[in-house]
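What you see is a predicted model, and the numbers here were worked out from it, not measured in a lab.
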Amino acid sequence: MEYSEKVMEHFMNPRNVGEMEGASGVGTVGNAQCGDIMRVYLKIEDGAVSDASFKTFGCGAAVATSSMATELVKGKTIAEVMEITNKAVMDALDGLPAVKAHCSVLAEEAIRAALWDYSQKSGLVIDGLEEPKEHAH
């Protein structure tokens, strides 16, 4: 299985690792079949993501996609974050092997779950955001 240099870089030196004290929103998603669990923390100030971090239990691709996803959302408005798809995460990593594409989907879902948590805590309605579904792949 071939990983891009960017995937390897984010796996070996992941950005934004760790729990965040006082996060505005926390999203946890998992894929029971492959055992990947991602938790994303977002700090949201003035309608934009001022900081993001993650804790991921899983394969190298899961770590790399979490790392890249937290990099992509930093400094973005909530509306801009809503436009970040798993494809954007994969593209930023110069692609993923097909069997690991689900990792980028988990990263997108974890970010949306964190936004949902934030919306519930703050009483804000975020256009296009749906309640995270519990699902097993």
Run the side-chain donor-acceptor check on residues 61-70: report pairs under 3.5 Å with partners two or more places apart or on a different chain.
from: Thr65; atom 1: OG1; to: Ala61; atom 2: O; distance (Å): 2.9
from: Thr65; atom 1: OG1; to: Ala62; atom 2: O; distance (Å): 3.1
from: Thr65; atom 1: OG1; to: Cys103; atom 2: O; distance (Å): 3.4
from: Ser66; atom 1: OG; to: Thr56; atom 2: OG1; distance (Å): 2.7
from: Ser66; atom 1: OG; to: Ala62; atom 2: O; distance (Å): 2.7
from: Ser67; atom 1: OG; to: His10; atom 2: ND1; distance (Å): 2.6
from: Ser67; atom 1: OG; to: Arg15; atom 2: N; distance (Å): 2.9
from: Thr70; atom 1: OG1; to: Asn16; atom 2: ND2; distance (Å): 2.9
from: Thr70; atom 1: OG1; to: Ser66; atom 2: O; distance (Å): 3.2
from: Thr70; atom 1: OG1; to: Ser67; atom 2: O; distance (Å): 2.8

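- Asp127 CG: 12 or fewer foreign heavy atoms inside a 6.0 Å radius.
- Each of Ile37 and Val29 belongs to its own hydrophobic cluster when Ile, Leu, Val, Met, Phe, Trp and Tyr are linked at side-chain heavy-atom distances under 4.5 angstrom.
- Side-chain contact between Trp116 and Arg112 is absent, with no heavy-atom pair separated by less than 4.5 Å.
- Summarising the local packing, NZ of Lys121 is surrounded by more than 12 heavy atoms from other residues, nucleotides or ligands at distances under 6.0 Å.
- Evaluation of the side chain to side chain contact (heavy atoms under 4.5 Å, CB included) rule for Asn86 yields Met90, Ser104, Val105, Glu108 as partners, not counting sequence neighbours.
- Taken to the nearest 0.5 Å, the CG atom of Leu42 stands 9.0 Å off from the CG atom of Asp51.
- Residue Leu106 holds its CG atom at 11.0 Å from CD1 of Ile111, rounded to the nearest 0.5 Å.
- No continuous path of ILVMFWY side-chain contacts below 4.5 Å connects Met20 to Leu115, so the two sit in separate hydrophobic clusters.
- Within a 6.0 Å sphere centred on NZ of Lys74, other residues, nucleotides and ligands contribute more than 12 heavy atoms.
- In this structure, the side chains of Ile84 and Val89 come closer than 4.5 Å at one or more pairs of heavy atoms.
- Hydrophobic clustering (side-chain heavy atoms under 4.5 Å, transitive across Ile, Leu, Val, Met, Phe, Trp, Tyr) groups Phe11 together with Met1.
- With values rounded to the nearest 0.5 angstrom, Lys43 atom NZ is found 9.0 Å from Glu21 atom CD.
- For the atom pair NE2 (His102) and CG (Leu96), the distance works out to 9.5 Å, reported to the nearest 0.5 Å.
- In this structure, Gly95 and Ser4 approach most closely via the heavy-atom pair O-OG, 4.0 Å.
- Hydrophobic clustering of Ile, Leu, Val, Met, Phe, Trp and Tyr side chains at less than 4.5 Å, counting indirect connections, unites Val49 with Val40.
- Both Ile44 and Leu72 belong to a common hydrophobic cluster when Ile, Leu, Val, Met, Phe, Trp and Tyr are linked at side-chain heavy-atom distances under 4.5 angstrom.
- With hydrogens and angles disregarded, no donor-acceptor distance shorter than 3.5 Å links the side chain of Asp117 to the backbone of Gly27.
- Contact of the Asp36 side chain with the Phe57 side chain is not registered, since no non-hydrogen atoms from C-beta on lie closer than 4.5 Å.
- Rounding to the nearest 0.5 Å places CD of Glu109 at 9.5 Å from CE of Met38.
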> Should Leu129 and Met82 be marked as a side chain to side chain contact (heavy atoms under 4.5 Å, CB included) after you check the CA-CA gap, both sets of side-chain angles, and the distance that decides it?
Replying inline: CA-CA 8 Å; Leu129 186 64; Met82 285 293 294; 3.8 Å; yes
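- Annotation: the span from Leu93 atom CG to Met8 atom CE amounts to 12.0 Å, rounded to 0.5 Å.
- For Glu80, the side chain to side chain contact (heavy atoms under 4.5 Å, CB included) criterion is met by Lys76, Thr77, not counting sequence neighbours.
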